[in-house]
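First up is the structure itself, then whatever we jot down about it.
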2 protein chains.
Amino acid sequence: MPSSTSSHVRTVADVGEFGIIADIVRGLSMPPAVAVGPGDDAAVYLINGSAVTSTDMLVEGVHFRRDWSSGTEIGRKAAAVNAADLEAMGATPLVMTVGLGVPGDLPVQWVHDFATGLRAEADAAGLTLVGGDTTGARDVTICVTAIGQTAGREPVLRNGARPGDVVAYRGRLGWAAAGLAALGRGFRSPRAAVDSQRVPLVPYGAGRQAALAGATAMLDVSDGLIADLGHIAEASGVRIDLRSDAFEVPDPVQAVAAATGKDPLGFVLTGGEDHALAATFPPGTVPSEWVEIGLVREAEENGTPRVTVDGGAWVADSGGWEHFRS
Amino acid sequence: MPSSTSSHVRTVADVGEFGIIADIVRGLSMPPAVAVGPGDDAAVYLINGSAVTSTDMLVEGVHFRRDWSSGTEIGRKAAAVNAADLEAMGATPLVMTVGLGVPGDLPVQWVHDFATGLRAEADAAGLTLVGGDTTGARDVTICVTAIGQTAGREPVLRNGARPGDVVAYRGRLGWAAAGLAALGRGFRSPRAAVDSQRVPLVPYGAGRQAALAGATAMLDVSDGLIADLGHIAEASGVRIDLRSDAFEVPDPVQAVAAATGKDPLGFVLTGGEDHALAATFPPGTVPSEWVEIGLVREAEENGTPRVTVDGGAWVADSGGWEHFRS
């Protein structure tokens with residue numbers, strides 16, 4: 001089968017800014033809460049109560065690689081990571097905007113696939129794309145802002161954990177990090193782990209569920225469980241102690257750990273990008289879909305870390321992920 | 001005077017992601033409408049009525065050059081272009097988020113200057129920075145999302161212009177384009193024009209003024225007056241006819257036109273990036289600060305352009321600015 005020559009591949013430069021926008025918004029329908037969608041200077045929509053807003057920027061070569069993930073997968077990921085932030089507040093997702101920077105030689109098909117994935121994941125999360133901006137850029141750069149509403153509920157912050165609360169999570173832990181480790185070694189399997197690296201499986205609705213159940217603190221696990229629970233512990237002035245035997249290490253993570261000679265529990269405790277939700281609950285209020293993994297304790301002044309595992313410091317390869325530092 | 005060596009310049013890589021964020025949000029105070037500012041998974045704030053949202057992405061080498069503009073100026077511009085979009089809806093600006101991609105070798109001082117400018121312009125516009133995201137990137141990349149409220153007013157869209165309405169603008173036209181032309185030839189003057197290219201002087205409050213006066217359509221002039229009024233004419237199904245003698249070409253624009261051998265009115269009619277507001281009003285309702293420049297006419301089917309000048313097509317260097325195309 002002959003491959004198409006480059007002269008046949010329509011690029012971003014061929015169709016221009018307005019052509020790209022037309023493709024991204026084609027066939028979009030607006031729910032009743034949205035009075036003005038894409039096409040004017042700004043979008044207009046009705047908020048019923050307090051508004052909740054999160055922004056995430058994804059950059060090619062930093063957050064994704066086009067040879068590792070399809071445009072559809074990158075679009076889905078861009079919507080998912082923002083929706084997870086709204087879930088982590090206990091909010092109900094409502095609308096989103098996208099800033100998209102693309103090189104002129106990018107195939108139009110990639111933008112089309114990206115928009116398809118972005119809109120599909122937005123649908124799953126309950127978000128409607130209401131506007132954005134496109135521009136030229138050397139690297140594909142995506143900036144999604146998602147806006148939700150508390151719908152009368154109190155937002156669940158990071159500073160509400162109290163000694164005696166139960167720590168629990170819902171979603172996946174360690175899958176994306178295992179997938180990244182596999183991809184980094186040139187493997188495309190285990191498929192479930194690799195897919196998790198490409199698109200996180202966010203437990204949509206779990207944030208509202210936790211808020212309604214009375215969660216005292218919550219966040220989504222983007223940098224790694226220990227690192228992120230550290231934010232709750234710090235903000236709440238408490239210590240969090242996890243039980244290592246509370247975690248069931250999933251098969252794909254076991255497989256990657258065995259192949260790479262790493263500690264499987266390390267992926268679960270320090271792997272980021274799965275966007276599970278982690279929360280603290282008063283005893284006896286943890287919803288059944290959540291996995292109980294530890295307890296909130298009084299903070300200690302003796303140098304004990306904010307987050308411990310079986311009462312002691314977790315010693316492993318890495319304590320989370322931070323940009324700029326290697 | 002000895003210049004500092006590179007080993008003395010603290011970079012983004014030195015302080016890391018959390019160091020940058022701490023610098024950007026240091027000393028920020030939140031107004032009563034903001035329940036949760038930076039530091040949690042998402043910001044929480046009260047919207048009083050309908051919400052209005054705009055997103056703009058600015059990329060180094062496309063929208064700005066670091067050798068032409070300071071970090072402070074680029075920060076101010078990033079806030080201004082978004083606030084202008086909210087003004088163009090007749091909305092009251094409220095909060096904003098910023099996505100910031102920066103190379104690891106960028107001096108921390110640049111980020112500090114950027115944040116200073118961003119926050120100063122936000123203050124002027126009525127916006128409070130409530131959150132965002134920072135990441136590594138090859139080129140400095142800025143994505144601001146601004147959120148305002150209609151506060152009970154009807155948003156002013158692009159599709160409401162009616163034959164007989166008066167066309168008017170408030171703000172600057174042609175200054176930024178003249179500044180760009182000067183900078184492009186290696187000049188740093190006329191200073192007023194060059195400054196306008198670096199930071200647009202948005203007429204804050206003019207959007208609400210126009211909405212309260214009964215404006216039927218409005219937008220901010222980002223791509224050039226004729227190009228942008230074309231969007232109103234198209235959306236409203238009308239023609240717009242401008243009077244060339246209604247424009248007073250400002251001195252800095254005259255100076256650049258003389259130095260570059262270009263038509264001074266061309267800068268005014270087709271120059272972008274000044275973010276003036278242009279609107280249509282029922283006769284007799286134009287606020288006194290606005291400059292009346294033409295009339296809305298019935299659309300014609302005989303090939304007459306959507307926007308005419310003295311009844312005919314405007315023939316000049318360029319009809320506006322579009323990314324990707326040259």
Side-chain angles (χ1 to χ4, degrees), chain A residues 12-13 15-18 20 35-36 39-47 50-59 61-63 85-86 88-89 91 95 97-101 104 130-139 141 143 145 147-148 150 155 157-158 218-220 235 322-325, chain B residues 12-13 15-18 20 35-36 39-47 50-59 61-63 85-86 88-89 91 95 97-101 104 130-139 141 143 145 147-148 150 155 157-158 218-220 235 322-325:
Chain A
V12 161
V15 302
E17 184 178 6
F18 296 128
I20 284 183
V36 180
D40 215 299
D41 291 274
V44 183
Y45 49 92
L46 201 62
I47 287 274
S50 286
V52 181
T53 298
S54 164
T55 292
D56 277 290
M57 184 178 268
L58 304 182
V59 181
V62 179
H63 299 88
D85 282 323
L86 299 188
M89 303 296 282
V95 299
T97 65
V98 60
L100 177 64
V130 294
D133 189 23
T134 62
T135 177
R138 278 203 292 170
D139 300 308
T141 307
C143 187
T145 295
I147 298 159
T150 60
L157 310 185
R158 297 178 173 191
M218 182 158 56
L219 44 60
D220 74 308
E322 194 188 352
H323 292 299
F324 311 123
R325 294 183 194 271
Chain B
V12 161
V15 302
E17 183 177 7
F18 296 130
I20 284 183
V36 180
D40 216 298
D41 291 274
V44 183
Y45 49 93
L46 201 62
I47 287 274
S50 286
V52 181
T53 297
S54 163
T55 292
D56 276 291
M57 184 177 267
L58 303 182
V59 180
V62 179
H63 300 88
D85 282 323
L86 299 188
M89 303 295 282
V95 298
T97 65
V98 60
L100 178 63
V130 294
D133 189 23
T134 62
T135 178
R138 278 203 293 170
D139 301 309
T141 307
C143 187
T145 295
I147 299 160
T150 59
L157 309 185
R158 297 178 172 190
M218 182 158 56
L219 44 60
D220 74 310
E322 192 188 354
H323 293 300
F324 312 122
R325 294 184 195 269

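Heavy-atom basis, side chains included; hydrogens, waters and symmetry copies ignored. Here is how names work: the chains are called A, B, and so on, in the same order as the sequence lines, proteins then strands, and each is numbered from 1.
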Item to complete: Could you walk me through whether D220(A) and D85(A) pass side-chain contact (heavy atoms from CB on, under 4.5 Å), step by step?
Response: CA-CA 6 Å; D220(A) 74 308; D85(A) 282 323; 2.9 Å; yes
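For a residue to count as touching a neighbouring chain, one of its non-hydrogen atoms must lie under 4.5 Å from one of that chain's; by this rule L58(B) does not touch chain A. Interface residue V36(A): only side-chain heavy atoms are found under 4.5 Å from chain B. For V52(A), the parts lying near chain B are the backbone and the side chain together; criterion is any non-hydrogen pair under 4.5 Å.
Counting only heavy atoms from C-beta outward, the side chains of R138(A) and V62(B) never approach each other to under 4.5 Å. Using a 4.5 Å heavy-atom cutoff, the side chains of I47(A) and Y45(A) are in contact.
Shown here are the side chain to side chain donor-acceptor pair (under 3.5 Å) partners of D41(B), two or more places apart in sequence or in another chain: R158(A). Legend: residues meeting side chain to side chain donor-acceptor pair (under 3.5 Å) with T97(A), ordered by chain and number and at least two apart, are T55(B).
In this structure, CG on L157(A) lies 5.0 Å from CE on M89(A), to the nearest 0.5 angstrom. Taken from CD1 in I147(B) to OG in S54(B), the straight-line distance is 10.0 Å, to the nearest 0.5 Å.
When C143(B), G131(B), A35(B) are compared by the number of non-hydrogen pairs under 4.5 Å with chain A, C143(B) comes out ahead. By number of non-hydrogen pairs under 4.5 angstrom with chain B, the leading residue of V98(A), L46(A), V59(A) is V59(A). The most heavy-atom pairs under 4.5 Å with chain B, out of T141(A), D139(A), L86(A), come from D139(A). By number of non-hydrogen pairs under 4.5 angstrom with chain B, the leading residue of G101(A), A43(A), G39(A), S50(A) is A43(A). When G148(A), G99(A), A235(A) are compared by the number of non-hydrogen pairs under 4.5 Å with chain B, G99(A) comes out ahead. Ranking D56(B), D40(B), V44(B), L219(B) against chain A, the residue ahead of the rest is D40(B), based on heavy-atom pairs under 4.5 Å.
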